Amino acid sequence: MKSVDAGLYDIVCVSPRNHMVFTPLLASTCVGTLEFRSVAEPVGRIQPAISTAPGSYFFLARCTAIDPDSHTVHCESVTDQGGVRDAVEPWKFTVSYDKLVIAAGAEASTFGINGVKEHAIFLREVHHAQEIRRRLLLNLMLSDVPGISEDEKKRLLHCVVIGGGPTGVEFSGELSDFIIKDVHERYSHVKDFIHVTLIEANEILSSFDVRLRQYATNQLTKSGVRLVRGVVKDVKPEKVILNDGTEVPYGLLVWSTGVGPSPFVKSLYFPKSPGERIGVDDWLRIPSVQDVFAIGDCSGFLESTGKPTLPALAQVAERQGKYLSNLLNQIGKAGGGYRNAAANLELGDPFVYRHLGSMATVGRYKALVDLRQNKDDKGLSLTGFVSWFIWRSAYLTRVISWRNRFYVAINWLTTFVFGRDISRI
């Protein structure tokens, strides 16, 4: 949306939130390292034409259906935010299109495990991070109330993270930093009761080099994070039950086990790629219909292309977005911007993804950088403070606006000098 030429197209964005979340830094907002607004980029700042051009609009709504024959999208206005529903009834409407880009993302995978949606908190949206922060600070304050038993204190202050991918590991690292640097100083009465447990069915950071995985394990263990190998069988209001019968009590449960297709993506009658994603060809088009493209976590290459399904990573979606905006600009300049007008146009080079590497922070000014193309290749890998500096520098440059880059840098400096803000607002 940022790079599409507003002189060629009227740009209409339909989304249930009016901002983009910079998810790589979302874990830092849960413990006060960053403020929530630092990772939220308003739509109007991403593409100014949305706010100024007469034919361009933003609609706070969910897409419920797509009719490719009539080139229309069926929508329903959003009347709830962060799970809190307003009294206003949703309004249903349709939007016509000449070119349609589906970038609906994915949703957290629960694997059908009972109790996850009711009792766990995901970490994908700003309101998730806000809920984690409120719950964590509430439990810290409740544990100081007179009359609370030691067992109840231990439960309230036991933070359990399910999933050992980059998000789960980075959140565990941020949480352990918060405990060591802030809880021990400001909640000294309960500092011996608060603990973090990371539960993973296999190896943590399984896509990283084995040496980096071992380094992450050692660093997390040094920071007081307890690593448990196990599969969650059931989630109760105050405890997690593993498949071997082990019961793990918790006060805060964060679920970070990867993503899967949303009900909306599953409902679309388009060809699907492996994993029930929307199937696309080499140019990110949905080949069964005209003028419809799909990018990001909701899409995957069809098996007929011979290409593997790309991982659900921010860098994949960003690269696809840049490629597709250039392609749409090319189509528009060639006179194919209107509906059904690009069928015979030469599209040029297909989309090719080259992995730039993976990064993850593990707390205590330590991080991992894996610059291999894939798991089986050999390549450069780094650990320690230098990797942490690279991690911060790289993500600071990826934040979209200079305004938010300034916010992030100032938040980091403020936290370093004065510590984290522990106000429960």
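Count residues from 1 along the sequence. Source: prediction; values computed, not measured.
The main-chain N or O of G279 is never found under 3.5 Å from a side-chain atom of S273 such that the two would form a donor-acceptor pair.
Taking the side chain to side chain contact (heavy atoms under 4.5 Å, CB included) definition, one finds that L347 meets it with W283, R285, L327, I331, sequence neighbours left out. Here P48 pairs with nothing under the side chain to side chain contact (heavy atoms under 4.5 Å, CB included) rule; sequence neighbours left out. With sequence neighbours left out, the side chain to side chain contact (heavy atoms under 4.5 Å, CB included) criterion links S176 to S223, V225. W391 meets the ring pair (Phe, Tyr, Trp, His ring centres under 6.0 Å) test with Y395; sequence neighbours excluded. In this structure R420 satisfies the side chain to side chain contact (heavy atoms under 4.5 Å, CB included) test together with V31, T33, E174, D177, F178, K181, D182, T415, sequence neighbours excluded. Taking Y323 as the reference, F351 meet the ring pair (Phe, Tyr, Trp, His ring centres under 6.0 Å) condition, with sequence neighbours excluded. In this structure Y365 satisfies the ring pair (Phe, Tyr, Trp, His ring centres under 6.0 Å) test together with W388, sequence neighbours excluded. Residues passing the side chain to side chain donor-acceptor pair (under 3.5 Å) test with S15, sequence neighbours excluded: none. Taking the side chain to side chain donor-acceptor pair (under 3.5 Å) definition, one finds that T52 meets it with nothing, sequence neighbours left out. For R319, the side chain to side chain donor-acceptor pair (under 3.5 Å) criterion is met by Q315, not counting sequence neighbours. Legend: residues meeting side chain to side chain donor-acceptor pair (under 3.5 Å) with K239, ordered by chain and number and at least two apart, are E247.
Side-chain polar atoms of S381 and R211 form a donor-acceptor pair below 3.5 angstrom. Between the side chains of N114 and D234, at least one donor N or O sits under 3.5 Å from an acceptor N or O. The closest side-chain donor-acceptor pair between H189 and Y187, if any, does not fall under 3.5 angstrom. Side-chain polar atoms of Q214 and N218 form a donor-acceptor pair below 3.5 angstrom.
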Listing, residues 97-107 side-chain donor-acceptor contacts under 3.5 Å, not counting sequence neighbours, or none:
from : atom 1 : to   : atom 2 : distance (Å)
D98  : OD1    : R339 : N      : 3.1
K99  : NZ     : D291 : OD1    : 3.1
K99  : NZ     : G336 : O      : 2.8
K99  : NZ     : G337 : O      : 3.4
K99  : NZ     : Y338 : O      : 2.9

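Within the 4.5 Å cutoff, no side-chain heavy atoms of Y250 are placed close to those of R155. Here the side chains of D370 and M359 are not in contact, with every heavy-atom distance at 4.5 Å or above.
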